[in-house]
Amino acid sequence: MIDIRKQAQLAIELLKQADAVGQCSVSSGKALEFNVDGGQFSLMRTLFSSSIGITAYKDGKKGTAATNDISDIAVKAAVEDALRSAESGVPDEAYGIAEYQPAEKFVDGELEPDRDKLFDRVEEFVKTVENEYPSIILEQVIVTHSAGKNVLLNTNGVDFESEDGGYGFDAMFSAHEGELSSSFLGCGITTNSLDTPFIELGTMRENLDAVTKQIHTQPLEGKFTGTMLLPPDSLRDFIDMLASNFACDGTLIDGTSPWRNMLGKQVADEKLTVSIAPLDSRIVSGQRYTGDGYKSENYDFIKDGVLNSFMLSRYGAKKTGFERAKNSSFSLIVKNGDKSLSDIIASIDKGIMVGRFSGGNPGTNGDFSGVAKNSFIIENGAVGSSLSETMISGNLAEMFRNVTAISAETVCDGSSCLPWLAVKGITVSGK
């Protein structure tokens, strides 16, 4: 087996010999995978992977190269490719690499799979769904144990190494009754332990329950402005849209972000605190160092409604003059509220619970419009019928200022910990 540290060291030495600065990241991994298709086991395999990525800077210009071959010959060729790429690049004063930090090695998670117990848990899940949710068809289930190593070095002496492993469980399913069927819904979790049945993790049961009620849907008549209730999975998608549009490299560098002058100011309801926290104990094998060579730390993106940090890379920080984010993950932790989910629903006069949102990218000002899928009408404090595809629209900035409630309950799926969140002022359109 090739020593990935030696290959990273070889790449760094070649960069130095060429009077270039840069970094090298080398990885190797192994994954055990089970597949279930149509409720039947269809595949078991072991996959091996390796990769190397090199970034070179010379004369203020940047070049990159990557390959899945990490042999000596391939490493040398990749360095040469990165240097040639830099020669034809355009100089940029913001280019550069991470400063020296003390070397560290990180080990997380379950490095070796328990094959028998993993198979038993998958079989248990299939049988439980068959017995408790007879209308559900498991279109596909992919279950993995992945373990890998990574070494990241740069010419400033940065030296990080990680080794981690864990289980992943992803299911795609729909409900059927005669000729009628619901739309597909996917659900996934990541875990370090097989002590808990897969069906009890994340939002697996909630989603199975919801889909069984979505065989028979009703069209929404007319149009109204009301409350949108976002379950954890949908909340993650909306925060992702918010961050991408308002707080990341692209829109901050080109100056189109509506939040470019809002750092340290109120951008959301004071009930909302959003942290990016890969080191939180509830996050499975969270990021320990960034792709551009910095040790990861937890940080608050929004704290008590105030914009506390942008999500900028080193390059984005240099281009904009703002501080670099303390990690580059999306390990979301949203602080829970003080109302139960049942009390939140009881307080909604008219609204919609959106299981999944399907729409294009929001406008530069945050306007969004799309289809609410796997959704239910809420009327007079109760969840009503499942809706056929219904349009919803609003503005991301206004939406997060209009938070009416955050649930006391949270769901942790290994990559995030999120509550249910209700916002007012959303336009819901039917026929």
Side-chain angles (χ1 to χ4, degrees), residues 27 29-36 47 106-115 117-122 124-125 128-129 138 140-150 162-173 185-208 210 230-240 243 274-291 296-299 301 327-336 355-356 407 409-421:
S27 300
K30 180 173 73 171
L32 169 69
E33 179 182 317
F34 291 131
N35 283 9
V36 177
L47 304 171
F106 307 92
V107 180
D108 297 287
E110 293 294 315
L111 303 181
E112 293 294 333
D114 185 334
R115 291 170 177 262
K117 193 169 184 179
L118 180 60
F119 185 86
D120 290 344
R121 281 298 188 206
V122 178
E124 172 190 54
F125 176 81
T128 302
V129 171
L138 294 172
Q140 187 172 58
V141 177
I142 300 176
V143 189
T144 59
H145 176 274
S146 299
K149 296 181 179 181
N150 174 266
S162 65
E163 185 174 9
D164 57 33
Y167 300 97
F169 184 92
D170 292 282
M172 179 74 72
F173 45 85
L185 187 62
C187 187
I189 57 94
T190 305
T191 182
N192 277 334
S193 170
L194 296 176
D195 291 343
T196 304
F198 287 132
I199 200 167
E200 306 299 343
L201 296 175
T203 54
M204 200 68 66
R205 268 202 185 277
E206 288 89 342
N207 285 328
L208 286 165
L230 294 176
D233 293 342
S234 291
L235 176 58
R236 181 183 178 89
D237 291 340
F238 273 92
I239 293 177
D240 187 14
V274 181
S275 302
I276 313 298
L279 308 185
D280 188 285
S281 61
R282 295 167 291 180
I283 302 298
V284 175
S285 298
Q287 181 191 78
R288 293 301 183 257
Y289 47 89
T290 70
S296 294
E297 301 175 59
N298 295 339
Y299 72 93
F301 171 39
N327 70 71
S328 58
S329 75
F330 202 60
S331 299
L332 279 180
I333 308 289
V334 174
K335 184 180 177 182
N336 61 306
R356 183 160 56 96
S407 71
E409 302 94 330
T410 61
V411 172
C412 299
D413 62 7
S415 61
S416 61
C417 289
L418 302 171
W420 281 256
L421 181 140

- Is the backbone N or O of Ala277 less than 3.5 Å from a side-chain atom of Ser275, with the two atoms forming a donor-acceptor pair by type? no
- Check for a donor-acceptor pair, side chain of Thr128 on one end and backbone N or O of Glu124 on the other, with a separation under 3.5 Å. yes
Do [X] and [Y] have side-chain heavy atoms sitting under 4.5 Å apart?
{"X": "Thr290", "Y": "Ser296", "result": "yes"}
{"X": "Thr191", "Y": "Phe169", "result": "no"}
{"X": "Leu332", "Y": "Leu235", "result": "no"}
{"X": "Asn298", "Y": "Ile333", "result": "no"}
{"X": "Thr196", "Y": "Arg121", "result": "no"}

Inter-residue atom distance [X].[atom1] - [Y].[atom2], 0.5 Å rounding:
{"X": "Asp233", "Y": "Trp420", "atom1": "CG", "atom2": "CH2", "value": "9.0 Å"}
{"X": "Asn192", "Y": "Ser285", "atom1": "CG", "atom2": "OG", "value": "5.0 Å"}
{"X": "Ile283", "Y": "Asp108", "atom1": "CD1", "atom2": "CG", "value": "12.0 Å"}
{"X": "His145", "Y": "Leu194", "atom1": "NE2", "atom2": "CG", "value": "8.5 Å"}
{"X": "Ile239", "Y": "Leu421", "atom1": "CD1", "atom2": "CG", "value": "7.5 Å"}
{"X": "Asn35", "Y": "Asp170", "atom1": "CG", "atom2": "CG", "value": "10.5 Å"}

Over all heavy atoms of both residues, which pair between [X] and [Y] is shortest? Give the atoms and the distance, please.
{"X": "Glu112", "Y": "Tyr167", "result": "O-OH, 4.0 Å"}
{"X": "Arg236", "Y": "Ser415", "result": "NH1-O, 3.9 Å"}
{"X": "Asp413", "Y": "Gly202", "result": "CB-CA, 4.2 Å"}
{"X": "Asn150", "Y": "Ser27", "result": "ND2-OG, 2.7 Å"}
{"X": "Ile276", "Y": "Ser329", "result": "CG2-O, 3.5 Å"}
{"X": "Phe173", "Y": "Cys187", "result": "CE2-CB, 4.3 Å"}

- Query: Who are the salt bridge (charged side-chain N to carboxylate O under 4.0 Å, His left out) partners of Glu200, not counting sequence neighbours?
  - Reply: Arg205
- Does the ring centre of Phe198 sit less than 6.0 Å away from the ring centre of Phe125? no
- Is a side-chain donor-acceptor pair under 3.5 Å present for Ser331 with Gln287? no
- Message: Using the rule given for side chain to side chain contact (heavy atoms under 4.5 Å, CB included), can you reason through Asn327 versus Arg288, listing the C-alpha separation, both sets of side-chain angles and the distance that settles it, and then say yes or no?
- Response: CA-CA 8 Å; Asn327 70 71; Arg288 293 301 183 257; over 6 Å; no
- Message: I'd like to check the disulfide (SG to SG under 2.5 Å) partners of Cys417; sequence neighbours left out, ordered by chain and number.
- Response: Cys412
- Considering the options Ser416, Pro419, Pro232, which one meets the side-chain contact (heavy atoms from CB on, under 4.5 Å) requirement together with Thr410? Pro419
